[in-house]
Structures are given as structure tokens and as C-alpha cells.
2 protein chains.
Amino acid sequence: MDSDYGKLLDKLDTGKYKVTRQREAILQVLCDHKDEHMSAEEIYDRVRELYPDIGLATIYRTLDILTDLHILHRMDFGDGRARYELVQDKPHHHHHLICLRCGSISEVKDDLLYQLEETVDREHGFLVVDHRLQFLGYCANCRDFDS
Amino acid sequence: MDSDYGKLLDKLDTGKYKVTRQREAILQVLCDHKDEHMSAEEIYDRVRELYPDIGLATIYRTLDILTDLHILHRMDFGDGRARYELVQDKPHHHHHLICLRCGSISEVKDDLLYQLEETVDREHGFLVVDHRLQFLGYCANCRDFDS
DNA sequence: ATATCTATTGAGAAAGATTATCATTGCTGA
DNA sequence: TCAGCAATGATAATCTTTCTCAATAGATAT
Ligand SMILES: [Mn+2]
Ligand SMILES: [Mn+2]
Ligand SMILES: [Zn+2]
Ligand SMILES: [Zn+2]
């Protein structure tokens, strides 16, 4: 929705960074594809529909800035490239379900790790500030196939 | 210990793959550094002490084979290269604590995800076969520093 | 409006990890 | 001894990401 695009613009427009047409186009694409986990290349292809002459380096630079500002979250699903999504939960991130057959990525919004994080603190003296949790397996569509 | 090295040799010697001196040297290094999470390059450097003329491609090829045989587990800690460790737990893997200050990686052997995996199955119809869980934060040595 | 200053940009080179290619080597078994 | 084939090492190629640098755009001061 456009309201979210406005909020993101505000987050970017902190004085530290300029709001350029390239950065606007990138934010627009991220808003228009909220539920995907796009790679830099995929974002690049979609931004070029709005701003055909943008350079790939600008995509990478902007993704870095948005990640620093905690507007974006950078992830690794093991396919050899970083993937990004808008930060919508706090302070910790949601979990991902990766289907080993069709490659689909779905989400688990519930955290449910409080108990485990307490254990980690109590037994290892480790202060947890974030986590990355992925489940590998078979999605509802794929679990009944054999291969 | 050497007993473990013998077991690994047996796992490799299934008829599908030959037990070569290069592969023996790689297994030896993996046994001698069980508790580390070495990269291919780090393994390469250590194997060359035992077998100086080995090629880097052989390292990569062998790590692939050992991973296919479930002797090794390939991991990504977000530092731009794959890291490996001997598989010692089953069926799921243990968790890792990554210190954001000193970079140390420690382990949590307890699984404690059964409940969450049940939830994932019940509410998302997703059949879990493995997981990857990393906690980011500050280790016992680093949690009391400010920066 | 003009000059000035600086952040941003695009193109392309470079880096770094991993994979592919290919000729050579070393076993194994007839 | 020879044929067949897996394994190897050197090196090229690939792929994503970062770096470099000259050109540009936008803001500010004059
Ligand atoms: Mn997500
Ligand atoms: Mn480990
Ligand atoms: Zn699926
Ligand atoms: Zn630490």
C-alpha cells in the first residue's frame, strides 16, 4: 500500500541520506513486492521498469543503506545470493519454512523462542539480541509426493 | 581421537568412492579439528601440511562428497564462505551462538524445538526434516563491554 | 542566475569463493 | 600388459558483490 511507501520514505529521509529518484524507485519496488524475498538482481530487474537507466551498483549501495537503517533485512537461504525483505516485526525476525522439493519459502510469525533464549542466557551466559531460524522440509503441497 | 578417524574411513569406503591418500588426509584434518568450523581454505591449509601437493579443487570435491554422505555438515555463518563440521548429532543439527563482538561461535547441543516443529506442522502443514538456528548476540566474555 | 561544494550515480574493473574443463595419473581387473 | 575409469591438479570460467573513478545532480552561498 502507498501509506507504507510514505513511511519508508520518512525513515530514509533522516538528513543523513538524500531521497533521490533512484532510491524512491527502489523503495517503491520493495513495497510492491512485500511478501517476496527478492535478490538484488530481482530487485534490479523490477526497478528498471520504473527507472530504466539505474545501475546495478546503485541497487547494491541502496540495499546496504536500507539495511543499515533497519528498513530492510538481509537474509541467506543458501542459494548463493542475499535476499531482502522489509522489516515488519520487532525486535526479532520471524522464521522461514523452506521446501526442499519446490523451493517455496513461507513464514512463521510466532516467535516461540523465548524459553530457548532464556536457556541460552542461563546456561551459556550468552546474551541474545536476534536469531535466524529456518526449517527445512516439505510444504503442504509437496509432503505427499514420494521423491 | 583416532577411533573416530577409523569410523569416518568406513563411512567413506562404501564402494561408491575410493579411499585415496588425499581423502584420508582431509578426513584426518577434520578429525584433528572437530570443534572448529573450518572453511574450505582453512582445511586446505591444514591438509597441505600432511599432503603438500594436493589441489584446492580436490578439497572442494571431497567436501562435497563428504557432505553428500552426511559425514559433514555445510553451514553458513554469514561471512561469505561455507564452513564445515563433522556430523555428530541426529537427526537434527545443534544450534550456534554467534558473538557480534568477537566473532566466536559456540554451540547449544539441546534441541528444544520439538514444540515449535509441532506447531509448524499443525498450523502450516509443513513437514520439518531439519532446521538451522543461529543466535546472534554477545558471549560471556563480551556481554559486559559497552561498544 | 552563477559559482561552488559534496553526495550520488553508472560503467566497468576487480575481488573472492566456488565450479567447470581437461589433460594426466593411478588403480583395478581382464 | 593393456584397457577402462575414477580421481587429481592446474587453470579457466562463473557468479555475486565490492571497488574505483569520472561525470552528474542537487543544494547552498554569493
Ligand atoms: Mn520473511
Ligand atoms: Mn557446530
Ligand atoms: Zn513445496
Ligand atoms: Zn564474544
Side-chain angles (χ1 to χ4, degrees), chain A residues 8-9 11-29 37-69 71-85 103, chain B residues 8-9 11-29 37-69 71-85 103:
Chain A
L8 294 186
L9 269 189
K11 279 198 196 177
L12 173 59
D13 189 13
T14 56
K16 186 171 177 188
Y17 299 107
K18 291 185 182 171
V19 178
T20 65
R21 276 178 300 155
Q22 289 91 335
R23 289 169 181 174
E24 286 174 340
I26 291 170
L27 281 179
Q28 188 67 64
V29 163
H37 301 87
M38 290 183 288
S39 66
E41 196 80 27
E42 288 166 355
I43 293 166
Y44 180 45
D45 289 340
R46 284 169 172 158
V47 171
R48 271 190 298 180
E49 296 170 9
L50 304 177
Y51 196 106
D53 291 337
I54 199 168
L56 181 56
T58 299
I59 301 289
Y60 277 103
R61 280 187 291 242
T62 304
L63 295 177
D64 279 351
I65 291 172
L66 297 178
T67 300
D68 286 345
L69 291 175
I71 292 173
L72 274 187
H73 181 218
R74 191 199 318 260
M75 279 160 303
D76 187 328
F77 293 139
D79 62 348
R81 71 214 66 194
R83 295 186 171 273
Y84 300 84
E85 72 181 350
Chain B
L8 295 186
L9 269 190
K11 278 197 198 176
L12 173 59
D13 189 14
T14 55
K16 187 170 175 187
Y17 300 108
K18 291 185 182 171
V19 178
T20 64
R21 278 178 300 155
Q22 289 91 334
R23 289 170 181 173
E24 286 174 340
I26 291 170
L27 281 178
Q28 187 67 62
V29 163
H37 300 87
M38 291 183 288
S39 66
E41 196 81 26
E42 288 166 355
I43 293 167
Y44 180 46
D45 289 340
R46 285 170 171 155
V47 171
R48 271 190 297 180
E49 296 170 10
L50 304 177
Y51 197 105
D53 291 338
I54 199 169
L56 181 56
T58 299
I59 301 290
Y60 277 103
R61 279 187 291 242
T62 304
L63 294 177
D64 279 351
I65 291 172
L66 297 178
T67 300
D68 286 345
L69 292 175
I71 291 172
L72 276 187
H73 181 217
R74 191 199 317 260
M75 278 160 304
D76 187 328
F77 293 138
D79 62 346
R81 72 215 65 192
R83 294 186 172 274
Y84 300 83
E85 73 181 349

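Here is the naming used below: chain letters follow the sequence lines, and residue numbers restart at 1 for every chain. Keep in mind that this is a model prediction, so the values were computed, not measured. Values below: all heavy atoms of this structure, side chains included; hydrogens, waters and symmetry mates excluded.
- As rounded to whole Å, 15 Å separates atom P of C/dT18 from atom CG of A/Asp79.
- Side chain A/Arg61 to base C/dG10: a donor-acceptor pair is found below 3.5 Å.
- Position along DNA chain C of the nearest nucleotide to B/Arg74 versus A/Lys18 favours A/Lys18 as the more 5'-ward residue.
- Distances shown here put a side-chain N or O of B/Thr20 below 4.0 Å from the OP1 or OP2 atom of D/dT8.
- Here the P atom of nucleotide D/dT16 and the CZ atom of A/Arg83 are 10 Å apart, to the nearest Å.
- At whole-Å resolution of the value, CE in B/Met75 and P in C/dT18 are 13 Å apart.
- To the nearest angstrom, C1' of C/dT9 lies 13 Å from CG of A/Leu56.
- OP1 or OP2 of D/dT18 has not a single side-chain nitrogen or oxygen of A/Tyr60 nearer than 4.0 Å.
- Checked by atom type and distance alone, the side chain of A/Arg23 pairs as donor or acceptor with a backbone atom of A/Lys18 at under 3.5 Å.
- Atom-to-atom, CZ of A/Arg21 to P of D/dA27 comes out at 11 Å; the value is rounded to the nearest Å.
- At the heavy-atom level, B/Glu41 lies nowhere under 4.0 Å from the strands shown.
- Residue A/Gln22 has a polar side-chain atom (N or O) positioned under 4.0 Å from OP1 or OP2 of C/dG10.
- Residue B/Ile54 contributes atom CD1, which lies 17 Å from atom P of D/dT11 at whole-angstrom precision.
- One finds a side-chain N or O of A/Arg23 lying less than 4.0 angstrom from the OP1 or OP2 phosphate oxygen of C/dT8.
- Side-chain contact between A/Val47 and A/Gln22: absent, with no pair of heavy atoms (C-beta onward) separated by less than 4.5 Å.
- Minimum interatomic distance between B/Tyr84 and B/Thr67 (heavy atoms only, all atoms of both residues): CE2-OG1, 4.0 Å.
- A/His37 NE2 to A/Glu85 CD: the interatomic distance, rounded to the nearest 0.5 Å, is 4.0 Å.
- Going from atom CG of A/Leu63 over to atom CD1 of A/Ile43 covers 4.5 Å, rounded to the nearest 0.5 Å.
- Counting to the nearest Å, the C1' atom of D/dT16 and the CG atom of B/Asp76 are 13 Å from each other.
- A straight line from CD1 of B/Ile65 to P of D/dT8 spans 7 Å, rounded to a whole angstrom.
- Both B/Ala57 and B/Tyr17 lie near DNA chain D, and the one whose nearest nucleotide falls closer to the 5' end is B/Tyr17.
- Among the protein residues, A/Tyr44 comes within range of no part of the nucleic acid, since none of its heavy atoms lies under 4.0 Å from any strand.
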